[in-house]
Amino acid sequence: MLIGELAKQSNLSKDTIRFYEKIGLLSAGERRAGSRVYKEFPPHTLMRLQLIRQAKKLGFTLSEIKGALDSWEDGSLSYLEKIEIMEDKIRDID
């Protein structure tokens, strides 16, 4: 999915999506069309953006979100450790 379509479907600006990619929250491949190179985001990116948006609403910083997503995706955290991270954040907010 190209950035314009991703922005439209996620209701986020292209600049926000580019920023998230720059800090490592998102990844994109490249698609060549003649002399142009376009960023192409995988289909799961829309779900990832929804998770980022929800985590921000809960008070997580972008740095915390990146750390959690990276750890969760590489399998280094157990289910209980994931729950503990969420509970710790809830305590911080309270």
Side-chain angles (χ1 to χ4, degrees):
M1 170 180 329
L2 298 178
I3 193 168
E5 183 64 24
L6 185 59
K8 184 178 178 180
Q9 288 189 27
S10 66
N11 292 321
L12 293 171
S13 71
K14 291 178 187 178
D15 288 338
T16 298
I17 294 169
R18 286 185 190 107
F19 178 70
Y20 287 172
E21 182 190 15
K22 181 180 177 182
I23 65 171
L25 279 169
L26 302 175
S27 61
E30 293 184 348
R31 179 173 28 154
R32 297 189 77 68
S35 62
R36 294 181 172 226
V37 178
Y38 295 94
K39 300 261 181 174
E40 187 162 32
F41 294 87
H44 73 271
T45 305
L46 190 56
M47 179 180 279
R48 190 172 178 99
L49 286 171
Q50 291 169 343
L51 287 170
I52 293 166
R53 179 178 281 160
Q54 289 173 346
K56 283 180 61 181
K57 285 181 184 177
L58 291 172
F60 285 86
T61 66
L62 292 177
S63 178
E64 289 171 328
I65 295 167
K66 182 179 179 337
L69 289 174
D70 289 348
S71 296
W72 294 1
E73 288 177 347
D74 71 11
S76 65
L77 293 176
S78 71
Y79 177 76
L80 292 176
E81 289 170 317
K82 293 175 187 178
I83 297 297
E84 186 176 326
I85 289 171
M86 294 297 197
E87 288 174 344
D88 287 346
K89 190 61 177 182
I90 290 169
R91 279 190 293 277
D92 288 347
I93 293 169
D94 286 342

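- Put simply, Tyr20 and Leu46 are part of the same group of oily side chains (I, L, V, M, F, W, Y) that touch within less than 4.5 Å, one to the next.
- Within a 6.0 Å sphere centred on NZ of Lys56, other residues, nucleotides and ligands contribute 12 heavy atoms or fewer.
- Going from atom NZ of Lys14 over to atom CG of Leu2 covers 9.5 Å, rounded to the nearest 0.5 Å.
- Distance CD1/Ile85 to CG/Leu80: 11.5 Å, rounded to 0.5 Å.
- Side chain to side chain, Gln50 and Gln54 fail the donor-acceptor criterion of an N or O pair below 3.5 Å.
- Side-chain atoms of Lys66 and Ile23, non-hydrogen and from C-beta on, never get closer than 4.5 Å to each other.
- Within the structure, side-chain hydrogen bond (donor to acceptor under 3.5 Å, both in side chains) pairs that include any residue of residues 24-47 comprise Glu21-Lys39 (at least two apart or interchain).
- Taken from CZ in Arg91 to CD in Glu87, the straight-line distance is 6.0 Å, to the nearest 0.5 Å.
- In this structure, Phe19 and Leu25 have side chains that are not in contact, with every pair of non-hydrogen atoms separated by 4.5 Å or more.
- Side-chain atoms of Ile52 and Leu62, non-hydrogen and from C-beta on, do get closer than 4.5 Å to each other.
- A donor-acceptor contact shorter than 3.5 Å links the side chain of Arg53 to the backbone of Ser10.
- Using modelled atom types, one side-chain atom of Glu64 and one backbone atom of Thr61 make a donor-acceptor pair closer than 3.5 Å.
- Taking the side chain as every heavy atom from C-beta outward, Leu49 and Leu6 approach each other to under 4.5 Å.
- Remark: side-chain polar atoms of Thr16 are not paired, donor with acceptor, to backbone N or O of Leu12 under 3.5 angstrom.
- Between the side chain of Glu81 and the backbone N or O of Ser78 there is at least one donor-acceptor pair closer than 3.5 Å.
- For the atom pair CD1 (Ile3) and CZ (Phe41), the distance works out to 4.5 Å, reported to the nearest 0.5 Å.
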